[in-house]
Amino acid sequence: MADIIDDLKYRGLFNQVTDEEGLREAMKKPMAFYCGFDPTADSLHAGNLLVIVIMMRLQKAGHHPIAVVGGGTGMIGDPSGRSSERQLNTRETVARFSERLKEQLDRFLHFSDGEATYVNNNDWLGSLSAIEFLRDVGKHFPLNYMLSKESVQKRMEAGISFTEFSYMLLQSFDYLNLYERENCRLEVGGSDQWGNITAGLELIRRKGHDDPAFGMTFPLITKSDGTKFGKSMGGAIWLDPKKTTPYEWYQFWINASDDDVVNYLKWFTFLTKDAIEALAEEVRTHPEARQAQKTLAREMTRLVHGARALEQAEDITSALFSGDVSKLTGEEIEQGFKAFPQYACPAEESIQLIDVLVNASIAPSRRQAREDISQGAIYINGVRRTDLNDALTANDRIDGRFTIIRRGKKKYTLIKFK
RNA sequence: GGAGGGAUAGCGAAGAGGCUAAACGCGACGGACUGUAAAUCCGUUCCCUUUGGGUUCGAAGGUUCGAAACCUUCUCCCUCCA
(Lines give C-alpha, C1' and ligand atoms only; values in the text may rest on other atoms or scores of the structure.)
Protein backbone atom coordinates (compact mmCIF):
# COMPACT_ATOMS: atom_id res chain seq x y z
CA MET A 1 0.00 0.00 0.00
CA ALA A 2 1.39 3.32 -1.06
CA ASP A 3 1.97 5.87 1.63
CA ILE A 4 -1.35 7.48 2.45
CA ILE A 5 0.12 10.95 2.82
CA ASP A 6 1.78 10.70 -0.58
CA ASP A 7 -1.50 9.49 -2.01
CA LEU A 8 -3.33 12.48 -0.54
CA LYS A 9 -0.67 14.77 -1.93
CA TYR A 10 -1.04 13.27 -5.38
CA ARG A 11 -4.77 13.80 -5.20
CA GLY A 12 -4.41 17.40 -4.19
CA LEU A 13 -6.01 16.68 -0.86
CA PHE A 14 -3.12 17.69 1.31
CA ASN A 15 -3.08 21.16 2.76
CA GLN A 16 -1.01 21.14 5.91
CA VAL A 17 -0.07 18.95 8.82
CA THR A 18 1.27 19.82 12.24
CA ASP A 19 4.25 17.47 12.09
CA GLU A 20 4.59 15.61 8.83
CA GLU A 21 7.56 13.45 9.79
CA GLY A 22 6.05 12.59 13.13
CA LEU A 23 2.74 11.71 11.55
CA ARG A 24 4.34 9.52 8.89
CA GLU A 25 6.14 7.69 11.66
CA ALA A 26 3.00 7.32 13.77
CA MET A 27 1.01 6.09 10.79
CA LYS A 28 3.20 3.08 10.38
CA LYS A 29 0.95 1.58 12.99
CA PRO A 30 -2.86 1.72 12.90
CA MET A 31 -4.11 4.80 14.63
CA ALA A 32 -7.46 6.28 15.47
CA PHE A 33 -8.33 9.59 13.82
CA TYR A 34 -11.36 11.80 13.87
CA CYS A 35 -13.27 14.28 11.83
CA GLY A 36 -16.32 16.28 12.77
CA PHE A 37 -19.60 16.86 10.94
CA ASP A 38 -21.89 19.74 11.74
CA PRO A 39 -25.57 18.86 11.93
CA THR A 40 -26.70 21.91 10.00
CA ALA A 41 -29.06 20.06 7.65
CA ASP A 42 -30.99 16.83 7.54
CA SER A 43 -28.60 15.38 5.01
CA LEU A 44 -24.96 15.54 4.02
CA HIS A 45 -24.19 17.04 0.63
CA ALA A 46 -21.69 16.50 -2.16
CA GLY A 47 -19.14 18.70 -0.42
CA ASN A 48 -19.31 16.62 2.74
CA LEU A 49 -18.69 13.55 0.65
CA LEU A 50 -15.12 14.66 0.12
CA VAL A 51 -14.54 14.49 3.86
CA ILE A 52 -16.15 11.07 4.05
CA VAL A 53 -14.05 9.75 1.20
CA ILE A 54 -10.90 11.06 2.84
CA MET A 55 -11.87 9.20 6.00
CA MET A 56 -12.41 6.09 3.90
CA ARG A 57 -8.96 6.49 2.39
CA LEU A 58 -7.40 6.61 5.83
CA GLN A 59 -9.57 3.68 6.84
CA LYS A 60 -8.38 1.66 3.87
CA ALA A 61 -4.85 2.53 4.87
CA GLY A 62 -5.48 0.70 8.12
CA HIS A 63 -6.54 3.49 10.44
CA HIS A 64 -9.64 3.68 12.55
CA PRO A 65 -12.11 6.48 11.77
CA ILE A 66 -14.07 8.22 14.47
CA ALA A 67 -16.89 10.25 13.04
CA VAL A 68 -18.00 12.97 15.40
CA VAL A 69 -21.37 14.49 14.80
CA GLY A 70 -21.58 17.86 16.45
CA GLY A 71 -24.80 17.48 18.38
CA GLY A 72 -23.24 19.66 21.07
CA THR A 73 -21.14 22.07 19.03
CA GLY A 74 -24.03 22.34 16.60
CA MET A 75 -25.90 24.10 19.37
CA ILE A 76 -23.23 26.81 19.30
CA GLY A 77 -22.11 27.34 15.69
CA ASP A 78 -18.63 27.32 14.23
CA PRO A 79 -17.50 30.79 13.10
CA SER A 80 -14.75 29.32 10.88
CA GLY A 81 -15.08 30.36 7.29
CA ARG A 82 -18.23 32.30 7.94
CA SER A 83 -18.65 36.01 7.59
CA SER A 84 -21.70 36.36 9.79
CA GLU A 85 -23.24 34.99 12.92
CA ARG A 86 -25.11 31.73 12.62
CA GLN A 87 -28.79 31.32 13.23
CA LEU A 88 -29.10 28.83 16.08
CA ASN A 89 -31.20 25.73 15.57
CA THR A 90 -33.39 24.31 18.28
CA ARG A 91 -32.30 21.39 20.39
CA GLU A 92 -34.81 19.13 18.64
CA THR A 93 -33.67 20.14 15.19
CA VAL A 94 -30.01 19.53 15.99
CA ALA A 95 -30.90 16.14 17.46
CA ARG A 96 -32.89 15.18 14.38
CA PHE A 97 -30.16 16.32 12.01
CA SER A 98 -27.56 14.43 14.04
CA GLU A 99 -29.53 11.22 13.76
CA ARG A 100 -29.79 11.59 9.98
CA LEU A 101 -26.07 12.21 9.62
CA LYS A 102 -25.28 9.17 11.69
CA GLU A 103 -27.34 6.96 9.39
CA GLN A 104 -25.69 8.39 6.32
CA LEU A 105 -22.16 8.13 7.68
CA ASP A 106 -22.75 4.53 8.69
CA ARG A 107 -23.21 3.51 5.08
CA PHE A 108 -19.69 4.61 4.25
CA LEU A 109 -17.74 3.95 7.41
CA HIS A 110 -19.67 1.00 8.91
CA PHE A 111 -20.01 1.72 12.59
CA SER A 112 -22.10 -1.34 13.29
CA ASP A 113 -19.36 -3.85 12.58
CA GLY A 114 -16.71 -1.95 14.44
CA GLU A 115 -14.78 -0.70 11.43
CA ALA A 116 -15.39 2.81 12.60
CA THR A 117 -16.66 4.59 15.66
CA TYR A 118 -19.53 7.02 15.86
CA VAL A 119 -19.81 9.57 18.59
CA ASN A 120 -21.98 12.59 19.19
CA ASN A 121 -20.20 15.29 21.09
CA ASN A 122 -23.42 16.16 22.81
CA ASP A 123 -22.60 13.09 24.94
CA TRP A 124 -19.95 15.04 26.78
CA LEU A 125 -20.75 18.64 25.94
CA GLY A 126 -24.45 18.37 26.72
CA SER A 127 -23.90 17.68 30.41
CA LEU A 128 -20.85 19.87 30.83
CA SER A 129 -21.47 22.65 33.33
CA ALA A 130 -20.31 26.17 32.68
CA ILE A 131 -18.17 26.07 35.82
CA GLU A 132 -16.45 22.83 34.80
CA PHE A 133 -15.92 24.12 31.31
CA LEU A 134 -14.36 27.38 32.42
CA ARG A 135 -12.08 25.66 34.95
CA ASP A 136 -11.03 22.66 32.87
CA VAL A 137 -10.92 24.10 29.38
CA GLY A 138 -11.10 27.87 29.43
CA LYS A 139 -8.23 28.20 31.89
CA HIS A 140 -5.83 26.72 29.37
CA PHE A 141 -6.46 29.28 26.68
CA PRO A 142 -4.88 32.72 26.86
CA LEU A 143 -7.21 35.32 25.45
CA ASN A 144 -4.49 36.47 23.07
CA TYR A 145 -4.27 33.01 21.60
CA MET A 146 -7.98 32.95 20.94
CA LEU A 147 -8.14 36.47 19.59
CA SER A 148 -5.36 35.82 17.11
CA LYS A 149 -7.21 32.95 15.41
CA GLU A 150 -8.11 33.75 11.85
CA SER A 151 -11.71 32.68 12.36
CA VAL A 152 -12.04 35.30 15.09
CA GLN A 153 -9.98 38.00 13.40
CA LYS A 154 -12.12 37.86 10.30
CA ARG A 155 -15.18 38.47 12.36
CA MET A 156 -13.96 41.31 14.50
CA GLU A 157 -15.31 43.85 12.02
CA ALA A 158 -18.63 42.21 11.23
CA GLY A 159 -19.12 41.14 14.81
CA ILE A 160 -18.91 37.87 16.66
CA SER A 161 -20.84 36.75 19.68
CA PHE A 162 -19.19 35.29 22.77
CA THR A 163 -20.96 32.07 21.84
CA GLU A 164 -19.23 31.63 18.51
CA PHE A 165 -16.01 33.03 19.92
CA SER A 166 -16.03 30.14 22.40
CA TYR A 167 -16.60 27.54 19.73
CA MET A 168 -12.95 26.65 19.35
CA LEU A 169 -12.78 25.69 23.01
CA LEU A 170 -15.59 23.21 22.60
CA GLN A 171 -14.01 21.61 19.59
CA SER A 172 -10.66 21.38 21.34
CA PHE A 173 -12.45 19.72 24.23
CA ASP A 174 -13.75 17.17 21.71
CA TYR A 175 -10.24 16.32 20.66
CA LEU A 176 -9.09 16.04 24.27
CA ASN A 177 -11.93 13.67 25.04
CA LEU A 178 -11.29 11.50 22.04
CA TYR A 179 -7.58 11.51 22.81
CA GLU A 180 -8.21 10.31 26.32
CA ARG A 181 -11.14 7.97 25.71
CA GLU A 182 -10.59 6.62 22.21
CA ASN A 183 -6.83 6.99 21.96
CA CYS A 184 -7.42 9.29 19.00
CA ARG A 185 -4.18 10.81 17.70
CA LEU A 186 -5.20 12.69 14.59
CA GLU A 187 -7.86 15.18 13.66
CA VAL A 188 -8.51 15.91 10.02
CA GLY A 189 -10.65 18.61 8.47
CA GLY A 190 -10.90 21.25 5.79
CA SER A 191 -8.31 24.00 5.81
CA ASP A 192 -10.78 26.28 7.59
CA GLN A 193 -10.56 23.91 10.53
CA TRP A 194 -6.85 24.46 11.09
CA GLY A 195 -7.44 26.92 13.91
CA ASN A 196 -9.82 24.62 15.73
CA ILE A 197 -7.57 21.62 15.26
CA THR A 198 -4.48 23.33 16.60
CA ALA A 199 -6.53 24.62 19.52
CA GLY A 200 -7.33 20.99 20.32
CA LEU A 201 -3.67 20.03 20.18
CA GLU A 202 -2.91 22.98 22.42
CA LEU A 203 -5.38 21.79 25.01
CA ILE A 204 -4.03 18.23 24.90
CA ARG A 205 -0.51 19.54 25.44
CA ARG A 206 -1.51 21.80 28.28
CA LYS A 207 -3.30 18.93 29.94
CA GLY A 208 0.11 17.30 30.21
CA HIS A 209 -0.21 14.58 27.61
CA ASP A 210 3.15 13.64 26.08
CA ASP A 211 2.04 11.12 23.51
CA PRO A 212 2.02 13.14 20.31
CA ALA A 213 -1.20 14.04 18.58
CA PHE A 214 -1.52 15.47 15.09
CA GLY A 215 -3.68 17.62 12.92
CA MET A 216 -4.01 17.50 9.17
CA THR A 217 -6.09 19.58 6.78
CA PHE A 218 -7.10 19.31 3.18
CA PRO A 219 -7.83 22.22 0.86
CA LEU A 220 -11.31 23.58 0.41
CA ILE A 221 -12.25 22.44 -3.04
CA THR A 222 -13.35 24.77 -5.78
CA LYS A 223 -14.42 24.50 -9.37
CA SER A 224 -12.17 25.72 -12.14
CA ASP A 225 -14.56 28.55 -13.00
CA GLY A 226 -14.50 29.79 -9.44
CA THR A 227 -18.12 28.97 -8.64
CA LYS A 228 -18.99 26.96 -5.61
CA PHE A 229 -18.70 23.22 -5.83
CA GLY A 230 -21.74 21.07 -5.17
CA LYS A 231 -24.49 23.29 -6.43
CA SER A 232 -26.69 22.61 -9.38
CA MET A 233 -29.46 24.78 -10.71
CA GLY A 234 -29.27 26.78 -7.53
CA GLY A 235 -29.86 23.81 -5.26
CA ALA A 236 -27.39 21.80 -3.23
CA ILE A 237 -26.62 18.23 -4.22
CA TRP A 238 -27.54 15.98 -1.32
CA LEU A 239 -26.64 12.43 -0.46
CA ASP A 240 -30.20 11.70 0.62
CA PRO A 241 -31.94 10.07 -2.37
CA LYS A 242 -35.19 11.69 -1.30
CA LYS A 243 -33.66 15.13 -1.70
CA THR A 244 -31.45 14.41 -4.71
CA THR A 245 -32.50 11.34 -6.62
CA PRO A 246 -29.85 8.90 -7.83
CA TYR A 247 -30.56 10.02 -11.38
CA GLU A 248 -29.95 13.67 -10.47
CA TRP A 249 -26.86 12.65 -8.56
CA TYR A 250 -25.57 10.77 -11.60
CA GLN A 251 -26.34 13.77 -13.78
CA PHE A 252 -24.54 16.13 -11.43
CA TRP A 253 -21.30 14.23 -11.85
CA ILE A 254 -21.57 13.46 -15.54
CA ASN A 255 -21.98 17.18 -16.16
CA ALA A 256 -18.57 17.93 -14.67
CA SER A 257 -16.60 20.16 -17.01
CA ASP A 258 -13.41 18.94 -18.65
CA ASP A 259 -11.48 21.33 -16.48
CA ASP A 260 -12.82 19.82 -13.30
CA VAL A 261 -13.33 16.17 -14.04
CA VAL A 262 -9.79 14.97 -13.44
CA ASN A 263 -9.68 16.75 -10.12
CA TYR A 264 -12.98 15.17 -9.16
CA LEU A 265 -11.63 11.74 -10.02
CA LYS A 266 -8.65 12.37 -7.79
CA TRP A 267 -10.69 13.80 -4.97
CA PHE A 268 -13.71 11.57 -4.88
CA THR A 269 -12.89 8.18 -6.39
CA PHE A 270 -10.71 5.33 -5.29
CA LEU A 271 -9.31 4.83 -8.77
CA THR A 272 -5.57 4.33 -8.84
CA LYS A 273 -3.17 6.95 -10.07
CA ASP A 274 -2.63 4.97 -13.28
CA ALA A 275 -6.35 4.74 -13.98
CA ILE A 276 -6.80 8.45 -13.35
CA GLU A 277 -3.87 9.42 -15.57
CA ALA A 278 -5.28 7.23 -18.34
CA LEU A 279 -8.62 9.03 -18.08
CA ALA A 280 -6.88 12.40 -18.00
CA GLU A 281 -5.23 11.44 -21.28
CA GLU A 282 -8.66 10.55 -22.65
CA VAL A 283 -9.95 13.99 -21.73
CA ARG A 284 -7.08 15.51 -23.68
CA THR A 285 -7.35 13.35 -26.76
CA HIS A 286 -11.05 12.45 -26.96
CA PRO A 287 -12.91 15.00 -24.87
CA GLU A 288 -16.15 14.39 -26.74
CA ALA A 289 -16.29 10.78 -25.57
CA ARG A 290 -16.48 12.00 -21.96
CA GLN A 291 -15.00 8.80 -20.65
CA ALA A 292 -13.79 10.55 -17.51
CA GLN A 293 -17.20 12.04 -16.75
CA LYS A 294 -18.92 8.73 -17.31
CA THR A 295 -16.49 6.91 -15.07
CA LEU A 296 -16.84 9.57 -12.41
CA ALA A 297 -20.64 9.48 -12.48
CA ARG A 298 -20.62 5.70 -12.34
CA GLU A 299 -18.19 5.56 -9.43
CA MET A 300 -19.98 8.20 -7.42
CA THR A 301 -23.44 6.77 -7.96
CA ARG A 302 -22.35 3.26 -7.07
CA LEU A 303 -20.58 4.52 -3.97
CA VAL A 304 -23.49 6.54 -2.66
CA HIS A 305 -26.60 4.79 -3.96
CA GLY A 306 -25.44 1.30 -4.85
CA ALA A 307 -25.23 -0.80 -7.99
CA ARG A 308 -28.96 -1.08 -8.58
CA ALA A 309 -29.58 2.64 -8.42
CA LEU A 310 -26.65 3.17 -10.74
CA GLU A 311 -28.17 0.82 -13.29
CA GLN A 312 -31.45 2.71 -13.13
CA ALA A 313 -29.76 6.07 -13.45
CA GLU A 314 -27.91 4.87 -16.53
CA ASP A 315 -31.09 3.45 -18.06
CA ILE A 316 -33.00 6.65 -17.56
CA THR A 317 -30.08 8.63 -18.89
CA SER A 318 -29.80 6.66 -22.09
CA ALA A 319 -33.54 6.82 -22.76
CA LEU A 320 -33.77 10.51 -22.05
CA PHE A 321 -30.73 11.66 -23.91
CA SER A 322 -31.34 9.55 -26.96
CA GLY A 323 -34.65 11.40 -26.94
CA ASP A 324 -36.39 8.15 -27.66
CA VAL A 325 -38.60 7.93 -24.62
CA SER A 326 -41.47 6.47 -26.63
CA LYS A 327 -39.79 3.07 -26.58
CA LEU A 328 -40.01 2.87 -22.83
CA THR A 329 -42.70 0.61 -21.44
CA GLY A 330 -45.13 1.67 -18.76
CA GLU A 331 -43.18 -0.31 -16.20
CA GLU A 332 -39.88 1.30 -17.10
CA ILE A 333 -41.43 4.72 -16.91
CA GLU A 334 -42.90 4.02 -13.53
CA GLN A 335 -39.50 2.92 -12.25
CA GLY A 336 -37.39 5.51 -13.95
CA PHE A 337 -39.40 8.66 -13.57
CA LYS A 338 -39.42 8.69 -9.81
CA ALA A 339 -36.69 11.25 -10.18
CA PHE A 340 -38.89 13.72 -12.02
CA PRO A 341 -41.81 15.96 -11.24
CA GLN A 342 -45.09 14.24 -11.87
CA TYR A 343 -48.57 15.50 -12.47
CA ALA A 344 -51.77 13.54 -12.18
CA CYS A 345 -54.11 14.57 -14.94
CA PRO A 346 -57.75 13.64 -15.42
CA ALA A 347 -57.99 11.35 -18.45
CA GLU A 348 -60.14 13.45 -20.72
CA GLU A 349 -60.48 13.01 -24.46
CA SER A 350 -58.35 15.96 -25.34
CA ILE A 351 -56.66 18.65 -23.28
CA GLN A 352 -55.13 21.87 -24.53
CA LEU A 353 -51.35 21.60 -24.40
CA ILE A 354 -51.09 25.06 -22.87
CA ASP A 355 -53.37 24.05 -20.03
CA VAL A 356 -51.35 20.96 -19.34
CA LEU A 357 -48.12 22.92 -19.17
CA VAL A 358 -49.57 25.37 -16.69
CA ASN A 359 -51.42 22.81 -14.59
CA ALA A 360 -48.37 20.59 -14.34
CA SER A 361 -46.27 23.63 -13.34
CA ILE A 362 -44.03 23.12 -16.34
CA ALA A 363 -44.63 26.73 -17.26
CA PRO A 364 -45.39 29.39 -14.64
CA SER A 365 -48.04 31.18 -16.69
CA ARG A 366 -50.06 30.71 -19.84
CA ARG A 367 -48.10 33.47 -21.46
CA GLN A 368 -44.87 31.65 -20.70
CA ALA A 369 -46.38 28.35 -21.88
CA ARG A 370 -47.21 29.89 -25.22
CA GLU A 371 -43.74 31.29 -25.50
CA ASP A 372 -42.19 27.91 -24.74
CA ILE A 373 -44.28 26.17 -27.35
CA SER A 374 -43.63 28.69 -30.07
CA GLN A 375 -39.92 28.71 -29.31
CA GLY A 376 -39.76 24.96 -29.72
CA ALA A 377 -38.99 24.17 -26.12
CA ILE A 378 -41.75 21.62 -25.63
CA TYR A 379 -41.48 17.97 -26.55
CA ILE A 380 -44.21 15.40 -26.09
CA ASN A 381 -42.81 11.90 -25.77
CA GLY A 382 -39.67 13.10 -27.46
CA VAL A 383 -41.36 14.91 -30.35
CA ARG A 384 -41.26 18.67 -30.60
CA ARG A 385 -44.65 20.38 -30.72
CA THR A 386 -44.84 23.97 -31.86
CA ASP A 387 -48.55 24.47 -32.45
CA LEU A 388 -50.09 26.78 -29.87
CA ASN A 389 -53.48 25.16 -30.30
CA ASP A 390 -52.15 21.65 -29.97
CA ALA A 391 -53.92 19.33 -27.58
CA LEU A 392 -53.00 16.11 -25.84
CA THR A 393 -55.13 13.15 -26.89
CA ALA A 394 -55.24 9.45 -26.15
CA ASN A 395 -52.67 8.98 -28.93
CA ASP A 396 -50.10 10.80 -26.83
CA ARG A 397 -50.36 8.37 -23.94
CA ILE A 398 -47.79 5.66 -23.56
CA ASP A 399 -49.35 2.45 -22.35
CA GLY A 400 -52.56 4.46 -22.08
CA ARG A 401 -51.30 6.03 -18.88
CA PHE A 402 -48.30 8.28 -19.35
CA THR A 403 -47.22 11.30 -21.31
CA ILE A 404 -43.67 12.49 -21.01
CA ILE A 405 -43.24 16.21 -21.47
CA ARG A 406 -39.83 17.70 -21.89
CA ARG A 407 -39.13 21.39 -21.61
CA GLY A 408 -35.82 22.59 -22.89
CA LYS A 409 -32.94 20.22 -23.05
CA LYS A 410 -33.37 18.13 -19.98
CA LYS A 411 -36.32 19.04 -17.85
CA TYR A 412 -38.81 16.25 -17.85
CA THR A 413 -42.23 15.98 -16.30
CA LEU A 414 -44.30 12.85 -16.23
CA ILE A 415 -48.02 13.27 -16.79
CA LYS A 416 -50.00 10.40 -15.33
CA PHE A 417 -53.55 9.89 -16.47
CA LYS A 418 -56.12 8.36 -14.23
C1' G B 1 -32.31 65.98 18.45
C1' G B 2 -30.61 68.69 13.65
C1' A B 3 -29.19 68.59 8.02
C1' G B 4 -29.27 66.11 3.67
C1' G B 5 -29.76 61.55 0.25
C1' G B 6 -32.48 57.37 -1.13
C1' A B 7 -36.63 53.47 -1.94
C1' U B 8 -37.84 51.57 -9.80
C1' A B 9 -39.21 44.64 -12.38
C1' G B 10 -35.17 38.37 -9.43
C1' C B 11 -30.70 41.63 -8.45
C1' G B 12 -27.80 46.14 -9.87
C1' A B 13 -28.98 50.62 -12.15
C1' A B 14 -31.19 54.68 -15.68
C1' G B 15 -35.52 57.60 -16.08
C1' A B 16 -37.39 63.74 -13.40
C1' G B 17 -45.23 65.26 -16.31
C1' G B 18 -47.23 62.54 -22.15
C1' C B 19 -42.46 59.50 -27.23
C1' U B 20 -42.06 54.52 -20.62
C1' A B 21 -44.53 48.09 -19.39
C1' A B 22 -40.19 51.44 -18.05
C1' A B 23 -32.96 52.17 -21.25
C1' C B 24 -28.70 49.29 -19.83
C1' G B 25 -25.93 45.35 -17.12
C1' C B 26 -26.21 40.77 -14.46
C1' G B 27 -29.03 36.62 -13.46
C1' A B 28 -32.82 33.27 -15.18
C1' C B 29 -35.31 30.71 -19.13
C1' G B 30 -35.55 29.11 -24.25
C1' G B 31 -33.23 28.33 -29.30
C1' A B 32 -28.81 27.47 -32.61
C1' C B 33 -23.97 25.34 -32.39
C1' U B 34 -21.89 21.12 -29.60
C1' G B 35 -19.61 16.50 -26.34
C1' U B 36 -25.94 16.37 -21.66
C1' A B 37 -19.03 20.64 -21.64
C1' A B 38 -17.00 25.60 -22.12
C1' A B 39 -17.19 29.72 -25.21
C1' U B 40 -20.20 32.17 -28.78
C1' C B 41 -24.57 33.87 -31.28
C1' C B 42 -29.98 34.72 -31.32
C1' G B 43 -34.64 35.26 -28.65
C1' U B 44 -37.67 35.84 -24.10
C1' U B 45 -37.93 37.67 -19.15
C1' C B 46 -45.46 41.67 -14.97
C1' C B 47 -50.28 39.24 -16.44
C1' C B 48 -53.94 38.24 -20.34
C1' U B 49 -55.61 34.54 -26.84
C1' U B 50 -54.01 40.22 -30.10
C1' U B 51 -49.84 45.41 -34.15
C1' G B 52 -55.09 45.02 -28.39
C1' G B 53 -56.25 45.02 -23.06
C1' G B 54 -55.15 44.85 -17.67
C1' U B 55 -52.15 45.86 -13.37
C1' U B 56 -47.08 48.11 -12.01
C1' C B 57 -42.08 52.06 -10.14
C1' G B 58 -41.88 51.75 -0.83
C1' A B 59 -47.52 52.93 1.29
C1' A B 60 -51.79 56.09 1.36
C1' G B 61 -53.96 60.42 -0.33
C1' G B 62 -53.84 64.84 -3.71
C1' U B 63 -52.69 68.24 -8.23
C1' U B 64 -53.38 67.32 -13.66
C1' C B 65 -56.82 65.83 -19.75
C1' G B 66 -52.49 62.74 -18.39
C1' A B 67 -47.71 60.99 -13.03
C1' A B 68 -42.61 56.25 -11.82
C1' A B 69 -41.84 61.45 -12.30
C1' C B 70 -45.16 67.36 -9.00
C1' C B 71 -47.46 68.17 -3.72
C1' U B 72 -48.89 66.10 1.35
C1' U B 73 -48.57 62.47 5.08
C1' C B 74 -46.59 57.78 6.54
C1' U B 75 -42.96 53.50 6.63
C1' C B 76 -38.09 51.87 5.93
C1' C B 77 -32.81 52.63 4.60
C1' C B 78 -28.14 55.49 4.21
C1' U B 79 -24.72 59.70 5.08
C1' C B 80 -23.27 63.95 7.86
C1' C B 81 -23.72 67.16 12.35
C1' A B 82 -24.95 66.97 17.78
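Keep in mind the model is a prediction, meaning the values are calculated, not measured. Order of the sequence lines sets the chain letters (A, B, ...), proteins ahead of strands, with each chain counted from 1.
A sub-4.0 Å separation between OP1 or OP2 of B/rU49 and a side-chain N or O of A/R370 is present. Taking side-chain N and O atoms only, A/R367 has a distance below 4.0 Å to OP1 or OP2 of B/rC47. Note on A/K223: every side-chain N or O is 4.0 Å or more away from OP1 and OP2 of B/rA37. The shortest distance between the side-chain N/O atoms of A/K411 and the OP1/OP2 oxygens of B/rG30 is below 4.0 Å. Between A/S365 and B/rC48, a side-chain N or O to OP1/OP2 separation shorter than 4.0 Å is present.
Ring pair A/F340/A/F337: centre-to-centre distance below 6.0 Å. When ring centroids are compared, A/Y264 and A/F229 come within the 6.0 Å threshold. A ring-centre distance under 6.0 Å is not found for A/F14 and A/F218.
Protein atom CZ of A/R385 is 19 Å distant from nucleotide atom C1' of B/rG30, rounded to whole Å. Taking atom CD1 of A/I354 as the reference point, atom C1' of B/rU49 lies 8 Å away to the nearest angstrom. The CD atom of A/Q291 sits 15 Å away from the C1' atom of B/rA37 (whole-angstrom rounding). A straight line from CD1 of A/I373 to C1' of B/rC29 spans 15 Å, rounded to a whole angstrom. One atom, NZ of A/K409, and another, C1' of B/rG43, lie 13 Å apart when rounded to the nearest Å. Residue A/R407 contributes atom CZ, which lies 12 Å from atom C1' of B/rG31 at whole-angstrom precision. Whole-Å rounding puts the A/D372 CG to B/rC29 P distance at 12 Å. B/rA37 atom P lies 14 Å from atom CD of A/E288, rounded to whole Å.
Residues A/T413 and A/I415 form a side-chain contact, since some pair of their non-hydrogen atoms from C-beta on lies under 4.5 Å apart. Residues A/D106 and A/K102 have side chains not in contact (no heavy-atom distance under 4.5 Å, counting atoms from C-beta outward). The side-chain heavy atoms of A/E99 and A/R96, taken from C-beta on, include no pair separated by under 4.5 Å.
Look at B/rA39: it lacks any Watson-Crick or wobble partner with both distances under 3.5 angstrom. When Watson-Crick and G-U wobble pairs are counted only if both distances are under 3.5 Å, B/rU63 pairs with no nucleotide at all. The nucleotide B/rG27 finds its pairing partner in B/rU45, both defining distances of the Watson-Crick or G-U wobble pair being shorter than 3.5 Å. Across all strands shown, nothing is found opposite B/rU20 as a Watson-Crick or G-U wobble partner with both distances under 3.5 Å.
The side chain of A/F321 lies closest to B/rU36 when the candidates are B/rG30, B/rU36, B/rA37. Considering only side-chain atoms of A/E371, the nucleotide from B/rU45, B/rU34, B/rG35 that sits closest is B/rU45.
Between the A/R11 side chain and the A/K266 main chain, a donor and an acceptor come within less than 3.5 Å of each other.
Toward the 5′ end of RNA chain B lies the nearest nucleotide of A/G376, the other residue of the pair A/G376 and A/R366 mapping further downstream. Each of A/A377 and A/N255 has a nearest nucleotide on RNA chain B; the 5'-most of these lies closest to A/A377.
Rounded to whole Å, the P atom of B/rG2 lies 13 Å from the corresponding atom of B/rC74. The separation of B/rG52 from B/rU72, taken at their C1' atoms, amounts to 37 Å, rounded to a whole angstrom. Here, B/rC76 and B/rG53 have their P atoms 40 Å apart, quoted to the whole Å. Going from the P atom of B/rC71 to that of B/rG18 covers 15 Å, rounded to whole Å. Comparing the P positions of B/rG27 and B/rA22 gives a spacing of 23 Å, expressed to the nearest Å. The separation of B/rA68 from B/rA21, taken at their P atoms, amounts to 10 Å, rounded to a whole angstrom. Taking atom C1' on both nucleotides, B/rU44 is separated from B/rG10 by 15 Å, rounded to a whole Å. B/rU63 and B/rC81 have their C1' atoms separated by 36 Å, given to the nearest Å.
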